[in-house]
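Down below is the structure, laid out as structure tokens.
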Amino acid sequence: MELNSELDRLRKYSEIDAELKRAKEKHPNYPTDDFKRLAIIQEELGETFQAALQYHDEDGHYDKVRKELIQTAAMCMRMLENMEIDHSEY
Ligand SMILES: [Mg+2]
């Protein structure tokens, strides 16, 4: 049981990691401004809200909610990675 939940956790992180890699390749120039970085996260979160609304109120698919949430998590990871680069005192 614990092994299965650990595998499930690792599978989710692996999806986030793959999305982060894809995003870095597609958008290699990452902003240095915290507010622009947060705006990217906000944009992905907004798309997650939109997908959830479409799922609940229209004929949207739940996979889209999951996909957008993974993109949001990947953008959070990208900001965290760059914070460590920009502010090595952390
Ligand atoms: Mg998106």
Side-chain angles (χ1 to χ4, degrees):
M1 189 69 165
E2 276 190 32
L3 183 60
N4 282 343
S5 63
E6 180 63 11
L7 283 172
D8 190 49
R9 191 183 70 81
L10 288 172
R11 196 174 295 123
K12 287 183 178 86
Y13 278 101
S14 157
E15 288 180 83
I16 294 166
D17 198 50
E19 173 56 27
L20 178 56
K21 185 170 182 265
R22 189 198 65 79
K24 284 177 179 175
E25 287 170 3
K26 187 174 178 185
H27 304 287
N29 297 322
Y30 188 62
T32 55
D33 182 297
D34 282 336
F35 296 101
K36 288 180 182 167
R37 292 173 174 178
L38 288 165
I40 293 169
I41 294 169
Q42 183 65 55
E43 180 183 340
E44 292 301 339
L45 185 59
E47 289 171 358
T48 309
F49 269 96
Q50 183 180 33
L53 282 168
Q54 287 171 344
Y55 172 72
H56 288 282
D57 294 344
E58 299 169 20
D59 60 348
H61 295 280
Y62 205 70
D63 279 355
K64 178 74 173 163
V65 179
R66 191 173 191 285
K67 180 183 161 202
E68 295 297 345
L69 193 58
I70 287 168
Q71 290 174 359
T72 304
M75 291 305 93
C76 289
M77 290 304 296
R78 192 167 191 182
M79 185 165 178
L80 280 168
E81 281 182 0
N82 280 275
M83 287 172 92
E84 289 165 7
I85 294 166
D86 297 346
H87 304 281
S88 56
E89 69 270 16
Y90 284 129

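Just so you know, ligand 1 is whichever comes first in the structure, and atom 1 is the first atom listed for that ligand. Note that this is a predicted model, so its numbers are computed, not measured. Residue numbers run from 1 in the order of the sequence given.
The NZ atom of Lys67 sits 12.5 Å away from the NE2 atom of His61 when rounded to the nearest 0.5 Å.
Below the 2.8 Å limit, the Mg ion (ligand 1) has as protein N, O or S neighbours Glu44 OE1, Glu47 OE1, Glu68 OE1, Gln71 OE1.
Looking at Leu80 and Met77, their side chains come closer than 4.5 Å, going by heavy atoms from C-beta outward.
Between Asp8 and Arg11, at least one side-chain N (NZ, or NE/NH1/NH2) sits under 4.0 Å from a carboxylate O, which counts as a salt bridge. Look at Arg22 and Glu25 and you find no salt bridge, because none of the NZ, NE, NH1 or NH2 atoms lies under 4.0 Å from a carboxylate O.
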Q) Step by step, would you call Glu44 with Arg78 a salt bridge (charged side-chain N to carboxylate O under 4.0 Å, His left out)? A) CA-CA 13 Å; Glu44 292 301 339; Arg78 192 167 191 182; over 6 Å; no

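Paired with Tyr30 under the rule side-chain contact (heavy atoms from CB on, under 4.5 Å), one option of Glu81, Met79, Lys24 passes, and it is Met79.
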